[in-house]
Amino acid sequence: MAVLTGPIWQYIPLPAYAAPLNPVPERLRRQWKDFWRRWRGDSAREAQALPADYHQLPAALLERAAPRPAWQDAVGALENALCGWFLSDSTSTPMQVVVGPPHPSTHELVLELARRQNWPVLSAPAPEQVVADDASTLAPLDQTPERPCVVPQLEKWYLRHHQGLSLVRRLLGRLLQTRRCCLVSCNSWARAYLSRALCWDDLWPTPLVLEPFDARKLERWFGAQLALPDRQSLVFRQADDRRLVLPLAEPSDGVQGSPRGQTGGKDDEPATAAPAPFLARLAAESRGHPGLAWEIWRHSLRYLKRADPTPTPAPSQGEVAEGDTLWVCPWAELNLPGFTLRPSQAALCLLQNLLLHGGLTSAWAGVLLPDGDEDAQPALHRLARAGLAGAVGEQWQVEALAYPAVRRALSAEGMLVDAL
Amino acid sequence: MTLGAADVQLFNRLDGWAGLKIVAIVLALWLAFVAVERGIPFLAGRLAGRFRLYLLPLIPFIRLGLLLTALGFLVPIVIRPTAQNLVAILGAAGLAIGFAFKDYASSVLAGIVAVFERPYRPGDWVTIDGAYGEVQSLGLRTVRLVTPGDTVVTIPHARLWTASVHNENDGDRALQCAAEFYLHPQHDAAVVQRRLRDVALTSVYVQLDRPIAVVCGEKPGYTVYRLKGYPIDSRDQFKFTTDLTVRGKAALAELGVAPLVLPMPQTPSA
């Protein structure tokens, strides 16, 4: 099998996005498990089958094993994708749209690009300004018309409220009318809603999205994150069958070794072999979104803490010390947040609104529900207890680990879901 | 050619074993009916909403299949299946049905027609003889509706021959709903139309892939608006209409548009 060496980060047109799929037997197994759990009406979590010796990683080790992505490469890829637009006479396509999933929020990448290019940024209005159709929020559009401006969070420019669509109409109308060069970043959920509600598909340019991460790309990305010397000794094995999940690093004679997965391995599984099934499942469950995959990857890592003080035998040449091995929890035992029973309509509407707006305060979450605060407050706390939603500051959001289950539930009920 | 006694014998000799087989078949049929009647709706309730309308319409087909299978087992036990015997049985059955069970047979036949013609299916919202409700089940002879007021209405299939059936969703999940607003005529109709449209577009129940329309009509003394849209699930039609009405009234109040207020009828003083 040929080793893939193309760029990891690449932006593509939205219609070309094809999320990685689970293998059919895996999909059937998951559907049967979901059905069986609902049939029993059993709200109890499944028993932890992994031995108790496997523990969640402490923060320092977690940062070493799965460091927080810098996203600089993603910004660079976006810059490459857009350079033809902002370097040339772009009056033919004054607007460019970048769409991304909620985790990580695409607006941070776009803001970083704006910082690099010194482009003015149109800050998102507060919800109160949205319902008041506050035209003063558009005033910065009149400044520095010679440079492209950036609208980093289109999902914050509207609300699912009877007065919540005027401002976004005004903004888009203004951009189309003035033909000012503008880079708009939009949450994939907001894009799905706005394209239906406002019928803008024929007015928008084809949005750009990050190319989905399949198992091979995840392998390369996680491997690249481990290229620093203090991380090269780490070995990632599946906890149930001890198979390698990431290929071993090449022995390095310099400061920095070659990234894993890009050269031939030396252990029982060469880097040219098919990626581990766990990574294939991870790519499918995260629908190709690297931010989600990274969150689940971190959640899956364990280390083995022996209860007995028996000394670990010294590794022979070519083997890896037990202490450097991190164990990847089998998928069935990850216990990602999900719905044990059929979710209530209020809960689903609430989760959908959180996704559509890229997070909401509890007060606004209540305003946007038909039954108002009376329904929203208890529902938010129930969702938080189930690990489905959480508050960052005052903003409630769908938890990254729960995103696959939430999207599946919304889709199963025929509710609006994003295209990614 | 002369016919022997065995050739003209219509019925088989029913001994204890044959009786036992008949009882077993009838019992199995009844159990299968109960399992289908309860199992499939139970299953549909457990699965996500969009699967409900795939599963429920299977019930009449399965029941019909079970019935025909059971008859296939029963008939050879009871009668000798020769051409003469079948003609004799059918003739006798025709007479009996014509005189005694005409209405029942008509309903059963209409039920079989309903299975294939599908004027209503479980999960559909229909109006038959003025009764509006969700089709809960299709029996051999009757169709059972559950009205929004939770009343069960049982209607013989035979009404198919004479009455019209109004099916709101015809096997689909969505059905059109409308909220009506009666307003004082002095207002900007274009503004009201836009705002009412936004009310529908921002409802959590709305199916955005279906059209939304605001129909306006001018009447003597008032203007009427009908805000039409489709909820995601037909079961949410009343929630959807209520949501449109509540939020529509709020939106109109913010615009300063006054609703039509009719004078209260005078009650005779004591």
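We name chains A, B, ... by the order of the sequence lines, and we start the count at 1 in each one. What you see is a predicted model, and the numbers here were worked out from it, not measured in a lab.
No more than 12 heavy-atom neighbours from other residues, nucleotides or ligands sit within 6.0 angstrom of CZ on B:Phe73. Within a 6.0 Å sphere centred on CZ of A:Arg174, other residues, nucleotides and ligands contribute more than 12 heavy atoms. More than 12 heavy atoms of other residues, nucleotides or ligands lie within 6.0 Å of CD in B:Glu180, so this atom counts as buried by the packing criterion.
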Intermediate values then yes/no, side-chain contact (heavy atoms from CB on, under 4.5 Å), B:Asp233 and A:Met415: CA-CA 9 Å; B:Asp233 193 305; A:Met415 297 172 79; over 6 Å; no

Criterion side chain to side chain donor-acceptor pair (under 3.5 Å) on A:Gln163 and B:Asp198, from CA distance to verdict: CA-CA 7 Å; A:Gln163 290 177 305; B:Asp198 280 1; over 6 Å; no

Kindly determine whether A:His162 and B:Val199 satisfy side-chain contact (heavy atoms from CB on, under 4.5 Å), including the steps that lead there. CA-CA 5 Å; A:His162 62 265; B:Val199 166; 3.6 Å; yes

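Interface with chain A: from residues 209-223 of chain B, residues B:Asp209 qualify, criterion being any non-hydrogen pair under 4.5 Å. The contact list for residues 181-195 of chain B toward chain A, using heavy atoms and a distance under 4.5 Å, reads B:Arg195 by residue number.
Heavy atoms closer than 4.5 Å to chain A are found in the backbone of B:Ser203, but not in its side chain.
Judged as a side-chain contact (heavy atoms from CB on, under 4.5 Å), and not counting sequence neighbours, the contacts of A:Pro127 are A:Leu159, A:Trp364. Under the salt bridge (charged side-chain N to carboxylate O under 4.0 Å, His left out) criterion, B:Arg121 pairs with B:Asp124, B:Asp170, sequence neighbours left out.
For the atom pair OG1 (B:Thr202) and CG (A:Leu368), the distance works out to 9.0 Å, reported to the nearest 0.5 Å.
Between A:Tyr193 and B:Leu201, the shortest heavy-atom contact is OH-O, 2.7 Å.
Side chains of A:Pro370 and B:Val246 form no contact here, defined as non-hydrogen atoms less than 4.5 Å apart. Annotation: side chain of A:Glu413 is not in contact with side chain of B:Ile232 (no heavy-atom distance under 4.5 Å).
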